[in-house]
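Only a predicted model underlies this, so the values are computations on that prediction, with no experimental measurement involved. Just so it is clear: chains get the letters A, B, ... in the order the sequence lines come, proteins before strands, and each one is counted from 1.
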There are 2 protein chains.
Amino acid sequence: MTGVTSAAAEPTGPDESAPTADPTAPAAGQGAGKPRRARGEQTRQLILETALRLFRERGYAETTMRAIAKEAGVAVGNAYYYFDSKEHLIQGFYDRNQAAHRAAAEEVLAAEKELAPRLRGVLHAGIDVNAPYHSFAATFFKSAAEPTSPLSPFSRESSPAREAAIAIFREVVEGSNAKLDPELRRELPELLWLGWMGVILFWVYDKSPGQRRTRRLIDGVVPLIDRLVSLSRLRVLRPALRQVLALIDSIRRDD
Amino acid sequence: MTGVTSAAAEPTGPDESAPTADPTAPAAGQGAGKPRRARGEQTRQLILETALRLFRERGYAETTMRAIAKEAGVAVGNAYYYFDSKEHLIQGFYDRNQAAHRAAAEEVLAAEKELAPRLRGVLHAGIDVNAPYHSFAATFFKSAAEPTSPLSPFSRESSPAREAAIAIFREVVEGSNAKLDPELRRELPELLWLGWMGVILFWVYDKSPGQRRTRRLIDGVVPLIDRLVSLSRLRVLRPALRQVLALIDSIRRDD
DNA sequence: CCCCGCTCTTGAACATGTTCAAGTCGAGGT
DNA sequence: ACCTCGACTTGAACATGTTCAAGAGCGGGG
């Protein structure tokens, strides 16, 4: 009994409004949906909440499904009713940080019009958001790395999350006053997202205190990208640009 | 058989010569060594051999430690006497392919003096060597991805294997007739290796038939690298080159 | 020849992710 | 009021990676 959700719950309609103020619930197009009822949704949240807390407290590998179930006051099997596997619990973490990144990015993008600082700000914001979880992000990073895993950023299951992430970078480009080759402009958001994945990869491996090497990477790479992008308008470099874009296109073909 | 290592085996010294014709045995500086005797080494090989065969036949996840032990005719615990974990068995696969790549690369490098075809040849050779294992390389790729895993290409345990791999790219550069900035020449091998890791990453995710997208990636990227490297000698681009090298240096600092 | 010590081997026991058959619960129809 | 059906819940059972205490085998010193 959260008491918050309106009493007039539609009979069969899933209740999508989050009981507490957190950006998790919508979760963007879960798989083949079982038509959740209010009670179920509450249990689901409880399990997810408990799991993420324990992950942060003890680490991913050290948190057993039994511990999660016990702490949440349900049976182990119940967790598996809502989540296909232990790894799937991570998706919740994923979505949450994604939302937080978006929020932090908005703030940066509202204040700045130049491409370079926009990009730099968004990247740093992303690291800021994830920083508290660095130690255990590494632990479950391998789950995301496996190509067949639904957690992979390239998987079909993560497609909505991926699109949302790319959208941030689209806004970085679109909202900037940078003038650049139109075709490049079209491709750039996805390329920047790919770069962001690279930064995350670097960050996961970065054991320097406070991950300051990652910060330096961002600060060093952004100006280079900025310069490269500006150069894209030079007539002399047109052929080179075409070549690169053609390469990208050829690589994308046939998946 | 490598046949290079001297036949005079010291009494208590570990017998490093492989009983069968395969390039696995040396395995470059295993952890704190238990002084293996001949019998033990033979068992070790047997277990590794069996494991790799089953991995190829059934896949990594589907091969249980019990199955390996049973097939090899030993007890489960015995496998754990020689290998710290199931993942550690992969290191054997690793080393073997590394050696095969080196051999294939030598052949290419002996025949070609221009930088671009040398690089291209070595990259394609690497893919050739790994191609038969693509389907199950993906399965255990996650093991390598975890930063804390000894299997990570960046881990201290893989240091010898990594050095060996970088050496290939050093030969690509050193043996070529390309004239390039001396400082870049010094850094290039490691950068190319890093790029190779990127290619592998792409390859693991590449689901196109025959991984032809990876081939296209190689064919497209090599000319770009070649051109970039040539340009590094232009006086106009000196500052940019310095900037990039300084960035790399700053990122490398404090691990 | 016997014993000591070390390498090597064993298999049962353990921990934990996952599955499943058997329920319980509650809303909607009759 | 009762029935039904599907969402939800349970906990024991299972599969598998890993550990460990106990030994077996063997080489060398006395």
Report summary line: Tightest non-hydrogen contact, residues A/Leu52 and A/Leu89, listed as CD2-O, 4.1 Å
Enumerate the protein-to-nucleotides 13-17 of chain C contacts in which both atoms are nitrogen or oxygen and the separation is below 3.5 Å.
unit_1 : atom_1 : unit_2  : atom_2 : d
C/dG17 : OP1    : A/Lys86 : NZ     : 3.0
C/dG17 : OP2    : A/Met65 : N      : 2.7
C/dG17 : N7     : A/Arg66 : NH1    : 2.8
C/dG17 : O6     : A/Arg66 : NH2    : 2.7

Report task. Say whether, by atom type as modelled, one donor and one acceptor occur between the side chain of A/His134 and the main chain of A/Trp203 under 3.5 angstrom. Result -> yes
Query raised in the report: Any sub-3.5 Å donor-acceptor pair from A/Ser155's side-chain atoms to A/Ser152's backbone N or O?
Result: yes
**Report entry** NZ/NE/NH1/NH2 to OD/OE distance under 4.0 Å, A/Arg102 and A/Glu107
**Finding:** no
Query raised in the report: Hey, does the side chain of B/Thr43 come within less than 4.0 Å of C/dT9's phosphate (OP1/OP2), counting only N and O?
Result: yes
Query raised in the report: Sub-3.5 Å donor-acceptor pair from the side chain of A/Tyr205 to the main-chain atoms of B/Ala145, do we have one?
Result: yes
Report task. Say whether, by atom type as modelled, one donor and one acceptor occur between the side chain of B/His124 and the main chain of B/Ile218 under 3.5 angstrom. Result -> no
Report summary line: Rounded to whole Å, the CD-C1' distance (A/Gln42 to D/dA7) equals 15 Å
**Report entry** Interatomic distance where CG belongs to B/Asn78 and P belongs to D/dG25 [whole Å]
**Finding:** 14 Å
Query raised in the report: Counting only N and O atoms by type, is there a donor-acceptor contact under 3.5 Å from the side chain of A/Ser208 to the main-chain atoms of A/Arg212?
Result: yes
Query - B/Asp206 with B/Arg215: basic N within carboxylate O range, under 4.0 Å - result: no
Query - Separation of atom NE2 in B/His88 from atom C1' in D/dT19, rounded to whole Å - result: 16 Å
Query raised in the report: Salt bridge or not for B/Arg252 and B/Glu187, using N-O below 4.0 Å?
Result: yes
Report summary line: Expected list for residues 146-153 of chain A near DNA chain C, using heavy atoms below 4.0 Å, is none
Query raised in the report: According to the interplanar angle, ranging from 0 to 90°, do the rings of A/Phe169 and A/His101 count as parallel (below 30°), tilted (30 to 60°) or perpendicular (above 60°)?
Result: perpendicular
Report task. State plainly whether the residues A/Glu49 and A/Arg53 are in salt-bridge range, i.e. N to O under 4.0 Å. Result -> no
Requested in this report: Give the nucleotide from the list C/dT9, D/dT9, C/dT10 with an atom nearest to the side chain of B/Tyr81.
Outcome: C/dT9
Query - For atom OH of A/Tyr82 and atom C1' of C/dT18, their distance in whole Å - result: 18 Å
Requested in this report: Starting at atom CD1 of B/Ile47, determine the distance to atom C1' of C/dT10, rounded to an integer number of angstrom.
Outcome: 12 Å
For nucleotides 21-26 of chain C, tabulate all protein N/O to nucleotide N/O atom pairs closer than 3.5 Å, reporting atom names and distance.
none

